[in-house]
Amino acid sequence: MQPPEGVAAGSAGAARDSPALPTFALLVPAAGAGTRMGGVRKPFIELRGRSVLDWALAPFLERPDLVEVVVALGAPPDRRLPALQDQRVRIASGGSNRFESVANAFDHLESGAGLIAVHDAARPFPPRAAIDACLRVAESGVGAVAGVPAVDTVKRTGARGVIVETPSRETLWCAQTPQIFPRDLFARAIGLCRTMGGPPTDDASMVEQLGAEVRMVQASNTNLKITSREDLAVAEMLVAKGLAG
Ligand code: CTP
Ligand code: MG
């Protein structure tokens, strides 16, 4: 079966081969309470010798086209995290939901970077090829969302769990981060969300509400989000086997 149509990561050329790169800023929501892990602040969990946040930021911080990072935190970490010592990184206050944290981080931007990337602190292994590919798409003036084609059949249910729809899997993707947008589009999307109320499911859906084009970029299953203890075990195994990081 063919995967749904999207942009293949790596197909747009590696950043280091491009001579004139536009700059980008990165917003990192990291202020969640980790309720589904029993109240553990996931960005500060130790994963094979470094924090999940350090893992998550590393593939971005190695890029010269990244000019600014704003990390939204609920409270300071209890130890020194190397990624937070980078000169480009600053801290903003987290909000009461993920959207508020992203919006607060956006308000703290100081650079004039033309592209805005958002990446969850709870996602330790953003693939370098997907970052490159999302940046190339965003440079062309449209939004880009890393993700993977759905492998499970998805059901929509009504009352009592009764299935009301089985959408065609060929068109379904699971959205991840990074999600990268032209700055003006992202600014308008945040403004619209603030006036309309109701936090969006992800950053792209805000831009979609503007009627602007947003494209899926194929990433990888290794780009997992740590939600539960099982995910942490998988993440440990991926590092141990050299499959991620
Ligand atoms: N996040 C945030 N501010 C919030 C809620 C979430 O910055 N008020 C961040 C989290 O820190 C995480 C990302 O958004 O990096 C994705 O959220 P999720 O995986 O849901 O993490 P938590 O909200 O911490 O977990 P839970 O929903 O289980 O409480
Ligand atoms: Mg949450």
Side-chain angles (χ1 to χ4, degrees), residues 1-13 27 29 32 35-36 56 59 97-99 102 115-120 122-182 185-186 188-190 192-193 196-228 230-231 233-235 237-238 243-244:
M1 190 194 303
Q2 291 296 310
E5 208 177 314
V7 178
S11 65
L27 312 178
T35 316
R36 285 166 290 180
N97 57 51
R98 184 184 177 282
F99 167 70
V102 170
L115 302 176
I116 305 296
V118 185
H119 183 64
D120 283 332
R123 231 177 250 284
F125 311 128
R128 289 168 175 83
I131 297 172
D132 278 343
C134 285
L135 283 167
R136 296 294 86 80
V137 169
E139 274 163 37
S140 76
V142 303
V145 174
V148 287
V151 289
D152 294 321
T153 297
V154 176
K155 304 287 187 186
R156 190 187 304 284
T157 57
R160 294 172 290 110
V162 174
I163 294 166
V164 293
E165 190 194 353
T166 303
S168 164
R169 202 176 63 194
E170 280 70 50
T171 61
L172 294 177
W173 288 74
C174 299
Q176 306 170 335
T177 64
Q179 303 192 0
I180 307 184
F181 309 92
L185 213 50
F186 194 70
R188 279 167 48 213
I190 286 205
L192 181 69
C193 261
M196 282 181 31
T201 355
D202 69 348
D203 310 293
S205 62
M206 310 194 285
V207 177
E208 292 158 37
Q209 279 178 37
L210 291 173
E213 184 175 323
V214 184
R215 264 185 246 165
M216 291 304 304
V217 169
Q218 176 128 24
S220 155
N221 287 325
T222 59
N223 188 21
L224 82 172
K225 190 176 72 161
I226 301 207
T227 303
S228 63
E230 296 89 321
D231 300 321
V234 173
M237 189 271 294
L238 289 172
L243 294 172

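Since the structure is predicted, the reported quantities are computational estimates derived from the model, not experimental observations. For the single chain, residues carry numbers from 1 onward in sequence order.
- The two atoms that bring Ala122 and Pro124 nearest to each other are O-CD, 3.3 Å, heavy atoms only.
- Among all heavy-atom pairs drawn from Pro182 and Gly143, the shortest one is CD-N, 4.3 Å.
- Of the candidates Leu135, Ile180, Asp132, Val137, Val137 is the only one forming a side chain to side chain contact (heavy atoms under 4.5 Å, CB included) with Val217.
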Problem set entry | Ile190 and Met206: CA distance, side-chain angles, deciding distance, side chain to side chain contact (heavy atoms under 4.5 Å, CB included) verdict | CA-CA 7 Å; Ile190 286 205; Met206 310 194 285; 3.9 Å; yes

For this session: Go through the steps to decide whether Phe186 and Val102 satisfy the test side chain to side chain contact (heavy atoms under 4.5 Å, CB included), and finish with yes or no.
Result: CA-CA 11 Å; Phe186 194 70; Val102 170; 3.8 Å; yes

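- Between Met216 atom CE and Cys134 atom SG the span is 8.0 Å, to the nearest 0.5 Å.
- Under the 3.5 Å distance criterion, the side-chain polar atoms of Gln176 are matched with a main-chain donor or acceptor of Ser220.
- Proximity of Leu243 to Phe125: side-chain heavy atoms (C-beta onward) are nowhere separated by under 4.5 Å.
- Side-chain atoms of Val118 and Pro178, non-hydrogen and from C-beta on, never get closer than 4.5 Å to each other.
- Remark: Val214 pairs with Val145, Phe181, Ala204, Val207, Glu208 by the side chain to side chain contact (heavy atoms under 4.5 Å, CB included) rule, at least two apart or across chains.
- The two atoms that bring Asp202 and Gln179 nearest to each other are OD2-NE2, 3.1 Å, heavy atoms only.
- Looking at Asp120 and Arg98, a side-chain N of the basic residue comes within less than 4.0 Å of a carboxylate O on the acidic one, giving a salt bridge.
- The pair Asp231-Arg123 does not meet the salt-bridge criterion, since no charged nitrogen lies less than 4.0 angstrom from a carboxylate oxygen.
- Put simply, the side chain of Phe99 does not reach to within 4.5 Å of the side chain of Thr201, judged on heavy atoms.
- The CZ atom of Arg136 lies 9.0 Å from the CG atom of Leu115; values are rounded to the nearest 0.5 Å.
- The backbone N or O of Thr177 lies less than 3.5 Å from a partner atom in the side chain of Asn223, making a donor-acceptor pair.
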Show every donor-acceptor pair shorter than 3.5 Å between a side-chain atom in residues 153-163 and any protein atom, with sequence neighbours excluded, or say none if there are none.
{"residue": "Lys155", "atom": "NZ", "partner": "Thr166", "partner atom": "OG1", "Å": "3.1"}
{"residue": "Arg156", "atom": "NE", "partner": "Glu165", "partner atom": "OE1", "Å": "2.8"}

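- Side-chain contact between Pro149 and Leu172 is absent, with no heavy atoms from C-beta onward closer than 4.5 Å.
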